[in-house]
Amino acid sequence: MSPTRPRDTLSLPMPAHHSQNTVLAEPRALELDRADPLAHFRASFHIPRSGDILAAMGKPAPAKPDQPCVYLCGNSLGLMPKFTRSAVVQELDDWSRLGVEGHFHAKHPWYPTHEFVRDTAARLVGALPHEVVAMNSLTVNLHLMMATFYRPTQARHAIIIEDSAFPSDSYAVQSQAAHHGLNPASTIIRLKPRDGEHTLRTQDFLEALNQHAPRTALILLGGVNYLTGQVMDFASITAHARSLNIPIGWDLAHAAGNIPLHLHQWGADFACWCTYKYLNSGPGAVAGCFVHERHTANVTLPRLAGWWGNDPKTRFRMTSDFIPVATADAWSLSNPPVLALAPVRASLEIFDHATMPALRQKSEQLTAYLQELIDAIPSAATALRIITPRDPSSRGCQISLAVLDRPRELHAALSASGVVCDFREPNVIRVAPVPLYNTFHDCWRFATILKTHLASPA
Ligand SMILES: Cc1ncc(COP(=O)(O)O)c(C=O)c1O
């Protein structure tokens, strides 16, 4: 990128005095797709057809039912890689052929099955392999982490979260407080953006940490805010929390597979993420968990235990003494769900081929293009506000639109036109152009459909 070019403009040359019509021209989208070095990855995914989706919803058929939908919902559920079906069928075949012997003789032996995703998962979150484990689901893992890292005392018992934390995280921290006999209302500190702003400023955040430090026992933050798409300043916030001696954990549901992460280097105490969004591992897929190695080596930490957290060397001695393995696996409880891990393995392999730096580069370009298209729609300025940060380094591949008038109706109209994106209360439409399988043409189709509906509201 040229140092003089603002980071959220595109590398494709534009005429000196380009008009809104030029920005919204279809050939430009097609040209950007032709120049995209990652374009071939789209063929590795099943892209649902508009006709199938609308028929399943009981809605009238679209004009072109066989056309792929405009899928901008990878922030909610990523699309299915084509290889996933055979990965799952392989496990079923091995089960039918081998029965219990599949534990050691399946194509991907089941006993160590969680090992097969470890290295890729570690690369995705910037961790050492022994700092990550694939297990359970996201909220379950948050609780397992808090069982270790939330150790309230009389003086220090508060938990700091964002005011717009995902509801499950709010419920989790409130129930942790109650579980320790504390009053959730006075234990949970919710940090809000300044009046009239949608995102939290890092400086405000750090000052709030200073203010509340003497009574704080844990900080739990979304790395990428689910509503606004804001990327938090991981390095500064983590370093500040550590300087104040407050354990810090990150919910990476919207960050894993979306932005480059460096958990080990940042020094986070723990992190948890799901794999069904940007990691395309299927609905309710097995989640991931990170514990920094300064903790994995500490076998005396309090934790909730099960036999899969026991050191494999002694696991089958079948004694009653728990000997935690000195890795993140020490927090796993049960033997891994083989059928559920097969899609994770299949999907994460794609990330090793595409690589996060290349995905991030395309992601910045794709999201900037989408923003430029939305900005070029004449009626957008009065109909909606982009509440996602405009600086590419402060966002991933999501743009959140706060719709000022009849937001639900606009979302319904987009759906009826073959766009898949989601709606979050009270008025936010989230659109996520995912670099692995979305095209610049998808962004163009979205903007064209949006423009039509803004010009003639449903
Ligand atoms: C930021 C965030 N945290 C937590 C969750 C809850 O995830 P799970 O249902 O996998 O526990 C979600 C789900 O979308 C989420 O977006």
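As the structure lists them, so they are numbered: ligands from 1, and atoms in each ligand from 1.
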For this session: Taking R315 for its side chain and W307 for its backbone only, find out whether a donor-acceptor pair lies under 3.5 Å.
Result: yes
Exercise. Quick one: do R390 and D375 make a salt bridge, cutoff under 4.0 Å?
Worked result: yes
For this session: Considering the heavy atoms of Y276, write down every atom of ligand 1 situated less than 4.0 Å from one of them.
Result: 7 (O), 8 (P), 9 (O), 10 (O), 13 (C), 14 (O)
Problem set entry | Donor-acceptor pair, side chain of T355 and main chain of D352, under 3.5 angstrom | no
Problem set entry | Passing candidate, ring pair (Phe, Tyr, Trp, His ring centres under 6.0 Å) with F149, options F290, F270, W250 | F270
Exercise. Does the Q67 side chain pair with the main chain of S50, one donor and one acceptor, at a distance under 3.5 Å?
Worked result: no
Exercise. For ligand 1, is any non-hydrogen atom under 4.0 Å from D169's backbone (N, CA, C, O), its side chain (CB onward), both, or neither?
Worked result: side chain
Exercise. Side chain of H130, backbone of A328: donor and acceptor closer than 3.5 Å?
Worked result: no
Exercise. Any N or O of Y226 that comes nearer than 3.5 Å to an N or O of ligand 1?
Worked result: no
Exercise. Which atoms of ligand 1 have any heavy atom of K277 under 4.0 Å away?
Worked result: 13 (C), 14 (O), 16 (O)
For this session: With heavy atoms of A253 as the reference, note each atom of ligand 1 found under 4.0 Å away.
Result: 1 (C), 2 (C), 15 (C), 16 (O)
Exercise. Which of the atoms of ligand 1 are close to H254, meaning less than 4.0 Å from one of its heavy atoms?
Worked result: 1 (C), 16 (O)
For this session: Look at atom 12 (C) of ligand 1 and say which protein heavy atom is nearest, naming residue and atom and giving the distance to 0.1 Å.
Result: F166 CE2, 3.3 Å
Exercise. Hey, what's the ring geometry for H180 with Y150, parallel, tilted or perpendicular (30° and 60° as the breaks)?
Worked result: perpendicular
Exercise. With atoms numbered from 1 as shown, which atoms in ligand 1 lie under 4.0 angstrom from a non-hydrogen atom of T139?
Worked result: 6 (C), 7 (O), 8 (P), 11 (O)
Exercise. Using heavy atoms and a threshold below 4.0 Å, how should the contact between D251 and ligand 1 be classified: side chain, backbone, both, or neither?
Worked result: side chain
